[in-house]
Q: 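Pasting a structure here, questions to come.
Chain letters run A, B, ... following the sequence lines, proteins first and then strands; every chain starts at 1.
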Amino acid sequence: MGDQDIALMAHLMRRAGFGATREELEARAAKGYEATVEELLNPEDQPTLDRNEMMRYHPWTWRPGTLPGMGAAEWLHDMINTRRPLEEKMTLFWHGIFATGVSKVDHYDDVMDMIVKFREKGMGDFRELLVEMAKDPAMIYWLDNCENHADAVNENWGRELLELFSMGVGNYTEVDVRECSRAFTGWTIEPKLPRGPIGRHDWFFEYRPEDHDDTEKTFLGHSGNFNGEDIVRIISEHPACAGFIARHLYNFFVADEAQVPAWSVTPPNDPEAVETLANALRENGYDMRATLRVLFNSDFFKNARFARLKNPTEVVVGTLRMVGGAEFPAPGIGDLSRQPSYMGQDLLNPPSVEGWHTGAEWINSGSLMRRVNFTAELVGDVSRPGIRDMVDRLEARGVRTAAEAVDGCLDLMGPLEVTGESRDELIGFISEGGDFAWGTTEDVASSTRRVSELLQLIVSLREYQYA
Amino acid sequence: MLTETVAGRTYDYSHNVGRGAQTGMGFNTPVALTIGADGVLYVANRGSESISNVGWNRTGVGQRISKVTLGDSWGDEEFLGEFSRYGNNDGQLIWPAGIAADNDGNLYVADEWLNRVSVFDREGAYQRHFSTLQPGDPETNGSCGIAISPGRILYVTDGRSNQVRRFTTAGEFLGAFGSQGSGEGEFDSPWGIAIDADGFVYVADSGNHRVQKLTPEGAFVAQIGRPGNKRGELNYPSDVAVDPEGDVYVCDWSDNRWGKGRVHIFDADGKFLTSLVGDAQQLSHWAQMTVDANADYAKRRREVRTTEPEWTFAQPTAIEYDAANGRLVVADTQRSRLQIYNKLGRYMIPQLNL
Amino acid sequence: MTSTKKDPVLVVFQLTGGNDYLNTVIPYSNPLYRDNRPVVGIAEDRVIPIDDKIGFHPEMAPLKHVYDRGDMAIIHGVGYANSPRSHFRSMDIWHTCEPEKLGTEGWLGRATRDIDPNKENVLTTVSFGPSLFRALALPGVPVAVVDDLDNYGLLPGISGEQRTKVLDRFARMYSPAIGSSAVMDYMGQTGLDTLEGADILKEAPRMYSSDVEYPDTPIAKKLKGIAQVHMANFGTRIFYVDHGSFDSHSNQTGMHDKLWHDVSHGLAAFLDDLKEHGVDDNVVVLAFTEFGRRTHDNGSGTDHGAGGAAFMFGSGVKGGQYSEFPSMAEKDLEQGDVVPNYDYRGLYTTILEDWMGLDAKPLVGATYEKLGMLS
């Protein structure tokens, strides 16, 4: 297989998953690109992780309450070790759109219940997912639909459903917001036992017909005695809906876009690509799987290598998948699960219902230092199986000169594309130690140490921040 | 049902003890129990990692051994103290997973991360520890369940290397049996262990969804329970206990379904008798104290349609038979409490036409 | 050239986890205190009296000394209406000044922007902690986040001579010449700012010497770091630090004692250090917590409540008690909690206007009644 096959496979796995080891890339490249896309699109063919292991070793991850270290620990462990990378990636995608957080909900367990729904339904029919979200207790509380009554309408959920979850500003009127909200009156939560003194309890959706506004509504030009499901259907028939989800897909999977609040005034980077995805949604009845098939097999996707900045979760999970050694949920998983938050992405606790701003907005001096130091510490650890494998491969390739070492490392870490100037700096740095030798045990130890330093410098490159 | 009568035995719910607490009067995910020589109950609390989104404490909270007496009924329980804490120094614990007491009242605590057994006296003073790893072993074995035979031999299960090891109480290795597999005498993630008066060994063979009865030397005798999700079938059994009459009690996570944990009861021949599902219809005394101090909790508890979700076992992980008092003690792990059932030999069933 | 008027500096000390107001500033002569605190109540003979009604927690002796010299203000009953009793939510409310809706901008992020609108100093605001507190968050406003001053910097895993070489390469790799897009340029500048901030900050411990001995505790270490950076004159105007966890649901007695022991000794050493160096007159410390705790104990500790106490320290502070101690009478409690009677945004306004010289209204959202401890 050619280098280009590996490079393209690496691209696919970074986007449709969280990256892969060289060994996995080679195996997948041998199977072929389209076959790999199909495998990713059919996660149910791959085994799930053994949930029992996490429950046994970290019982607190089952109902983490408000413990930050335990809240996202299981999800992070899943992302690192999943055999169903696209399923987890789509889960992260939806979490960023239906952004709901413990800052208000105050129970990690309830937000994690949403994550489970994304995992189960995130690659199916988007309309079903929307209805599922309308019935999700954490979402109902987050957007106050529990305060949305037949005789006192609260528009929070109704507004965000249109603005952030399905259509975007400019495609509906204030009257539509009102009418939409009326249709969701009576969609509320069953009272649940309070937290403590013996742990948390499940929250359940409840429909209260007596609190539902059971009269005529006019929404997006349609009139009738609508309930919530009707609203979702009417939204999905509106031309803006598919375009809105398509633009989200483009921003998350293809290339950095303007942020959502600017969408009504800023056209997409690549209108044609977004329209292709929107049509795929329309033609396939909002089936996400079919849409993702179009996306990953498109030229605009294949040509978008390193066209977006990694989000912090991709930095943490991607680096751990590459270096290995995080298969067992060892002590320290709580601290590990906090790492994305130190880089600005506090999983299960987005800053607002708008989710996280992406692209360059991930970067500030604090988050950049965290990114560099976290990844450098991991790639500098030559006891990690992924790093050992890189060193072995460099040795097997007989790497001798500084340029060979730099090119070899860049290749094994991606392949990563860097500017000529960056490459020159890497070579300049590593050439100070002379040529690499592998003859004696001492040679191997010295070469290993130098590779580890080189890898640390590579992950501190700006180019490493791109996916 | 608070009272369950089957085959001449009656299991009568008594009361529950505990509440969630990182320290002091309550428990934090209790995962192991043992009754000391003086009748005191020792509870190993697994705890959690990280307390808050800040940097001063990113390690563990809640890990400790609690000392309590259960009393005979609601409000009789007493908190006597606690010892040990999170860490890998002498006398500290990372992942406490099993605890056993010898006849002198010394406590042996198995730690499935540190692969060692730490020994404390009955007051909780640290004595010594020994590694369960032997030369040539893989880096970790995950020593978790622990029990002491009538002949003062320590049996320790290895959750990650699928063996049962035997030691003297001084920590001298006497040998091991078992290997990874699902055949007779093989294990998959064994955890809880119990030993009866004749020295037979019962292992909760968690990943094989069964309990195995073995001779003191590890020869297979019988399988108790079979895998499945139906009544009386096992799905991730976590611990096992045997009473003086030979009845076998198995704590089971029931496919990790929240609030569906079970204690399955088998007779000495391995015949399934019945299951307990948890009956904490009344909050424990300590838990009630918390509700009393939180006016909004008390209000909400009156607004819910039922308190039933909190009655049942959630991930029960340890079970002990308190022979001196003729009762079962179940560590209801996710609820950070213990549920207690009296085993009644003589029970007069009321008339059916009441 | 030296200016006679030094820029005012604010140190915010967050008592994370919900500090128990009633066991910090203890209404020891009120029989309702005894009634409500059968287990965690502090015996009258252990309380350090302030007057005939209230007294400090027994571990606060070093701060009583500060109080007696007139450098400490107690602000009673601080909070806001309808306490959510949630750490996350309440801390957000304190950080963003938005009790009604979710806010994303921190009040000190806004203050930083107003102090240094052109981002001339990468160290205008320095936070000591693993991540940015939301109080400091505002897109485009740089804040230095220091987990550990002694090991602060890029690539701490590489040491010695190699480190110098690696950081030199880092600077070159982030240089504008290599940028190929707006985002690359932005990251390049951010990387160089980061490097510069680290270069400056690491000098602070080297420039510092003091006769004051800080206790060997994590919080004293951070406070000492603040003293070092302040004395190095990098122009830092806002420092942020936290300690905890004050979340004393169980075994409160020992836990709360230890927390206040460490906080009191650490803070007292910090204030002494500034005084000894004559750099105390332009520094005030605000200590706050997200909520107080339940009036009634739970048999071992106390659960999440509402109104709390805040404190201010420094020679620029007019010591004494401000606002009122809320009533503990059963009829005055809400959901079992003492009710806050002074809005926290009034406290912020007092600090922003009377100390920092900023226009507070745009930063906290409205006009609030000020207190007099800084005027």
Side-chain angles (χ1 to χ4, degrees), chain B residues 17-30 43 45 47-64 66-68 75 77-83 85-86 283-303 336-337, chain C residues 14-18 36-40 83-85 87-88 91 127-131 133-134 145-148 217-219 221-222 241-255 259 262 290 293-306 330 333-337:
Chain B
V17 170
R19 62 174 169 184
Q22 288 176 354
T23 168
M25 216 159 67
F27 308 112
N28 187 325
T29 45
V43 182
N45 295 279
S48 70
E49 287 186 26
S50 183
I51 181 170
S52 199
N53 55 339
V54 285
W56 67 83
N57 182 354
R58 280 180 254 165
T59 53
V61 283
Q63 291 81 2
R64 66 193 185 279
S66 306
K67 276 177 77 175
V68 295
E77 65 269 44
E78 252 189 290
F79 172 69
L80 303 177
E82 61 192 17
F83 57 90
R85 52 173 294 186
Y86 191 78
L283 286 176
S284 77
H285 178 50
W286 297 346
Q288 189 59 48
M289 290 167 80
T290 298
V291 171
D292 290 345
N294 290 270
D296 45 359
Y297 289 10
K299 286 184 194 164
R300 172 57 48 73
R301 294 181 61 80
R302 297 174 70 84
E303 290 172 2
S336 288
R337 68 185 172 194
Chain C
Q14 176 176 299
L15 308 168
T16 304
N36 277 295
R37 297 295 176 98
V39 175
V40 308
S83 171
R85 298 178 179 79
H87 296 297
F88 292 107
M91 201 55 100
S127 174
F128 284 74
S131 60
F133 295 94
R134 200 167 276 186
V145 180
V146 182
D147 204 359
D148 173 6
T217 61
I219 184 55
K221 186 165 186 279
K222 285 186 182 175
V241 66
D242 82 330
H243 188 60
S245 166
F246 284 82
D247 199 15
S248 52
H249 291 284
S250 48
N251 258 7
Q252 174 167 326
T253 304
M255 168 189 178
L259 285 161
D262 290 358
E290 69 264 42
R293 306 190 74 84
R294 297 286 190 193
T295 307
H296 203 284
D297 74 43
N298 67 21
S300 175
T302 49
D303 302 313
H304 303 176
E330 180 76 31
L333 302 181
E334 266 178 24
Q335 311 278 32
D337 295 330

Q: On a heavy-atom basis, which atom in Gln335(C) and which in Asp296(B) lie closest, and how many Å separate them?
A: OE1-CB, 3.8 Å

Q: Out of curiosity, Arg19(B) CZ to Asn298(C) CG, how far, rounded to the nearest 0.5 Å?
A: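 Atom-to-atom, Arg19(B):CZ and Asn298(C):CG are 4.5 Å apart.
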
Q: Using a cut-off of under 4.5 Å for heavy-atom pairs, which of Gly299(C), Ser250(C), Gly336(C) has the most such pairs with chain B?
A: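 Maximum pair count with chain B is reached by Ser250(C).
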
Q: Applying side-chain contact (heavy atoms from CB on, under 4.5 Å), name anything that partners Val145(C), two or more places apart in sequence or on another chain.
A: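 With neighbours one apart ignored, the set is Leu132(C).
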
Q: Counting C-beta onward and ignoring hydrogens, is there a side-chain heavy-atom pair between Met25(B) and Val39(C) closer than 4.5 Å?
A: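 No, every pair of side-chain atoms sits at 4.5 Å or beyond.
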
Q: Considering non-hydrogen atoms only, spot the tightest contact between His296(C) and Ala293(B) and give its length.
A: O-CB, 3.4 Å

Q: Mind running side chain to side chain contact (heavy atoms under 4.5 Å, CB included) on Arg85(C) and Asn294(B) for me, showing each step along the way?
A: CA-CA 11 Å; Arg85(C) 298 178 179 79; Asn294(B) 290 270; over 6 Å; no

Q: Work out which heavy atom in Asn251(C) is nearest to a heavy atom in Glu82(B); give both atom names and the distance.
A: ND2-OE2, 3.5 Å

Q: Check this for me: Arg301(B), atom CZ, are more than 12 non-hydrogen atoms of other residues, nucleotides or ligands nearer than 6.0 Å?
A: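 Enclosed.
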
